[in-house]
There are 2 protein chains.
Amino acid sequence: MTSTRPPTPQQPSRRIADELRRQIESGDLRSGDKLPSERALAEQYGSARNTAREAIRLLAEQGLVTAKHGSGVFVREPQRLFRFGSDRYSLKNRETGLTPFRLEAKRQGKVARIDVPSITREKPPADVAERLKVSADEESVVHRENHYFADDEPVQIVSTFVRWDEAQGTLLMEAKTGKDGIYGRLEDLGHVMTRVRDEISARMPTPEEAAILSLLPGVPVLEVLHTSLDQDGVPFEVSRYVHRADQTGLLYELPVES
Amino acid sequence: MTSTRPPTPQQPSRRIADELRRQIESGDLRSGDKLPSERALAEQYGSARNTAREAIRLLAEQGLVTAKHGSGVFVREPQRLFRFGSDRYSLKNRETGLTPFRLEAKRQGKVARIDVPSITREKPPADVAERLKVSADEESVVHRENHYFADDEPVQIVSTFVRWDEAQGTLLMEAKTGKDGIYGRLEDLGHVMTRVRDEISARMPTPEEAAILSLLPGVPVLEVLHTSLDQDGVPFEVSRYVHRADQTGLLYELPVES
DNA sequence: TGTGCCAACTGGCTTGAGCCACTTACTGGC
DNA sequence: GCCAGTAAGTGGCTCAAGCCAGTTGGCACA
């Protein structure tokens, strides 16, 4: 069982990064501790400041440290995850009168805020059109954009799509959608959420997403493309969730189908 | 509705990156196309080679381009996702005699290979111990490490943990676990998989993971901490899946619980 | 016709220098 | 005692230059 363990990397930047990583993992450097300055590291390892800087970039990319301009580079606190359970779709949660996000926030003792930057009639993206079974060439959907905050920290961006022909003239076109949110209104239209399909992927954020979510460099996003199916198996709502991955996790608990 | 759109970034590296990104998104540069060389970009934009290089790094971090040493920088092909459905746990798949991974690979017309680098008795990590309800201070588990390949491309790393007191002396300690894999053997021990709990997160890979999965810079990993519960609600197996996010997605389809 | 070599090009990485913006702590004046 | 101003320290970013390593294609030679 020979494990591949390169003894000492030949590249100075890797060597510095590895040494710092070792100190972090061994506990010599603890969460919140300040690393030596770039200039100090460079001198200590006999290399240029740019090389020490590159080493820190490698660690930041890995999410181990975070730099604060003018102040220093610090070992990142392991983030507590804001967890979204599969039961967020559960009907019994309706009794609380809270939307899934507000419920989850309350569970974790945080204050939820939801911004609605835009509600517009649009041509749907191809993947949404396919799942909602509408035309991608017409303005066949209403796109509701939402930004979610917990304790004023941005947590997720959600784009919700419903059919224009159904949403037209209803509260689905308004920022305030009334009791039980959009799912309440969709139920009024005869769609009872019966099954859900969540397609999950991870990637690096676009610059826009990084800005909205205040993402530090090296933090990926979790993307969930969610489809709601009604009692007849008809898809009636598709949402794209973009979560910051350093603070968010997903939890799915489900029965094994025989 | 004033959208925050900085017209032209002040930093040269961002400016070059944004211009290239625009060309990629507009289709001027297509998948597989070669970008101008670092030296050419530098001259074209009147900046230093390092600055052009930084611009390319920004794009690579975002997963838009990939550099080939000695050859050039190319627009990355959008990867087709190797999708793992929640039905991978379904009992009916047993009839095929294939393990979930082999089944998924076959579905996508790929050849599956599974390496088993190690099977060892160990102290479990804290999160595994908590979910398997065993002591984290003793060598209470057997750790099976697996590397999965599809068409010889590394796809995922899996660490499976089962109780040592159950695995001792069984095929669970061997590379070849017999019919239906480890779930077959665990069923022999009286554990019928009845519910599963998948905890999903995303992060940047460790250097080891990047090496095993041949990950390009800027590609995150999807981590799934999976717990199998038997007919009595007893957790009998915990696995940590590490997927490369550029080629892997997860699919969960589930009924909404009333 | 083939083949092996080599030059030119590519990205990978480092150096050492400089300027800027932000943070912090100290210090002097009120 | 307070507060404004300042100097020193920090990371952010760029420049210009150089050497190395991998790739490619053409050219000379067999």
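The shown structure was predicted, so the numbers you read here are calculated from the model rather than taken from an experiment. In what follows, chains carry the letters A, B, and so on, assigned in the order in which the sequence lines appear, proteins first and then strands, with residues in each chain numbered from 1.
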R57(A) CZ to dT14(D) P, in whole Å, measures 13 Å
If each end axis of the helix from dT1(C)-dA30(D) to dC30(C)-dG1(D) is fitted on five C1' pair positions, the angle between them, to 10 degrees, is 0°
Note to self: Please evaluate residues E199(A) and R131(A) with respect to the criterion salt bridge (Lys or Arg N to Asp or Glu O under 4.0 Å), reporting the C-alpha separation (whole Å), side-chain torsions for both, the decisive distance (0.1 Å), and the verdict.
What the structure shows: CA-CA 11 Å; E199(A) 297 166 74; R131(A) 282 156 187 77; 2.6 Å; yes
* Donor-acceptor contact present, side-chain R144(B) to main-chain E174(B), <3.5 Å -> yes
message: What I want to check is whether the side chains of Q11(A) and S13(A) have a donor and an acceptor closer together than 3.5 Å.
response: no
_Verdict with supporting geometry, I56(B) and L41(B), side-chain contact (heavy atoms from CB on, under 4.5 Å)_ = CA-CA 10 Å; I56(B) 288 172; L41(B) 279 174; 3.9 Å; yes
Q. Using 30° and 60° as the class limits, which term best fits the ring planes of Y241(A) and H243(A): parallel, tilted or perpendicular?
A. parallel
Stepwise side-chain contact (heavy atoms from CB on, under 4.5 Å) check, L215(A) with V221(A): CA-CA 9 Å; L215(A) 285 180; V221(A) 294; 3.7 Å; yes
Atom CZ of R15(B) and atom P of dT14(D) are separated, to the nearest Å, by 11 Å
In B/S/- notation (B base, S sugar-phosphate only, - none; protein heavy atoms under 4.0 Å), nucleotides 8-18 of chain C written 5' to 3' is --BBBBBBBBB
TODO: Examine the side chains of S118(A) and H143(A) and answer whether a donor and an acceptor come within less than 3.5 Å of each other.
DONE: no
Between A202(A) and A202(B) the two heavy atoms that sit nearest each other are CB-CB, 3.7 Å
